[in-house]
2 protein chains.
Amino acid sequence: MDTNQERILEKAQERVIETLARNMDLYGITMSTGLLYGTLLFQDKSMTLDEMGEALGMSKTSMSTGVRTLMDLNMVEKIWKKGTRKDHYEVNLDWYQNFIDLFSVKWRHASEQNVHSLKKSLQELRALQQSEELTDELRERVELSIRRIENGLDYYLWLSRLIDSFESHEIFQFVPKKESDS
Amino acid sequence: MDTNQERILEKAQERVIETLARNMDLYGITMSTGLLYGTLLFQDKSMTLDEMGEALGMSKTSMSTGVRTLMDLNMVEKIWKKGTRKDHYEVNLDWYQNFIDLFSVKWRHASEQNVHSLKKSLQELRALQQSEELTDELRERVELSIRRIENGLDYYLWLSRLIDSFESHEIFQFVPKKESDS
DNA sequence: AAGTACGTAAAGTTTTTTCTGAACGCTGAA
DNA sequence: TTCAGCGTTCAGAAAAAACTTTACGTACTT
């Protein structure tokens, strides 16, 4: 058995795993959890928490929380495996869908919160604007704030439609999955 | 002077500022820096580091680093102001462009790193694949890894084209900035 | 040339996050 | 019913990040 070839394989895998993991902070995912994701990615079979802990040299507790984070983002799923009592996990191989789910879950949520605040404050400021006895200086400030908020709302409505186009996969009509050459 | 009206205005602004700031971790931006951004947003005039520190009750050093973070993302810019020795900063009011810049800067960078690793490892594995004396078991593992990596590359090429469409503003043809009603 | 005002780098402190190990509850087996 | 194996909760330890204070370099003023 040529262990040298094996080492080449593992080296190649590790490079990818580490790079992916390092950049997953964009997903709000910690490096360790990213390593876990990468490890699962190159696994042909599903893994148990113990196997993960073994592979990463980390505690089972960490694997438990890490795998839950990944499940919340739909990047990993729990697999039914009869005959064993342990939970088995598998990576979701559809990178596009992973991106979409992440984007939907995180950005949609933030977007909704922001819109809510913006609308509420806009309403208050519009009411204030109606008031007759408003100094010129204050009226000016109120109107500036209203403009700023309206700008923000425009943007978040757009962002919401963008996310819609991801979720519905319509975005792939515009930016197709595969390009012919290159 | 009715200080009550002023309080309403400030309350409305603070709500927005705080919500925006809280959600800016999606941008990899800390809450404090988010508050700084929000503060600048409702400012009619440019601000100096001292004014920011004053407004947020934080050290000038923090303002310095915070403002640099925002500048790196093109969300804030330094303003020429003659007659004073202090630097002045202003928020970039184009939310769409802020989003695009953020996305470009962060995701493009991550994407490029990932593609680089994926390609390098793919090359190594393809070479390994050529090798005649490869056990069936190892060949199987190599081929699985290659498939995984190819999947990833497909995705990142797509992502790159998506980012292109943001940077070129072509995305607005597909998801227009303004919708007629609603 | 000396002094002052400014932004930032470096070092140190505080706060937050991540990780671990022990203890718990649940489920299935004996 | 008891026991063993499993995932998870919780409290504490370790690590990382954020923030402040001090100190420095530069550029303008006098």
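Please read these numbers as outputs of a predicted model, since none were measured by experiment. Per chain, numbering begins at 1; letters A, B, ... match sequence-line order.
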Checklist outcome for this item: Side-chain atoms of B:Ser64 come closest, of D:dT21, C:dT8, C:dG7, to C:dT8
Checklist entry - Looking at B:Tyr27, does the NZ or CZ of B:Lys106 lie under 6.0 angstrom from its six-membered ring centre and within 45 degrees of the ring axis? => result no
Item to check | Nucleotide nearest A:Thr30 when distance is taken to its side chain, options C:dT4, C:dT18, D:dG7 | outcome: C:dT18
Checklist outcome for this item: 5'-most contact on DNA chain D (nearest-nucleotide basis), B:Met31 vs A:Val67, goes to A:Val67
Item to check | Minimum-distance nucleotide (side-chain atoms of A:Ser59 versus D:dT20, C:dT20, D:dC6) | outcome: C:dT20
Next on the checklist: Please tell me whether B:Trp107 and B:Phe166 form a close aromatic pair, meaning their ring centres lie under 6.0 Å apart.
Outcome noted: no
Item to check | Mutual orientation of the aromatic rings belonging to A:Phe172 and A:His169 [parallel < 30°, tilted 30-60°, perpendicular > 60°] | outcome: perpendicular
Item to check | d(CE, A:Met58; C1', C:dC19) in whole Å | outcome: 6 Å
Checklist entry - Side chains of A:Asn23 and B:Gln113: donor-acceptor distance under 3.5 Å anywhere? => result yes
Next on the checklist: With a 4.0 Å cutoff (strictly under), does any side-chain N or O of A:Lys60 reach OP1 or OP2 of D:dT8?
Outcome noted: no
Checklist entry - Separation of A:Asp87 atom CG from D:dG7 atom P, in whole Å? => result 5 Å
Checklist entry - Can you tell me how far P of D:dC28 sits from NZ of B:Lys86, to the nearest Å? => result 16 Å
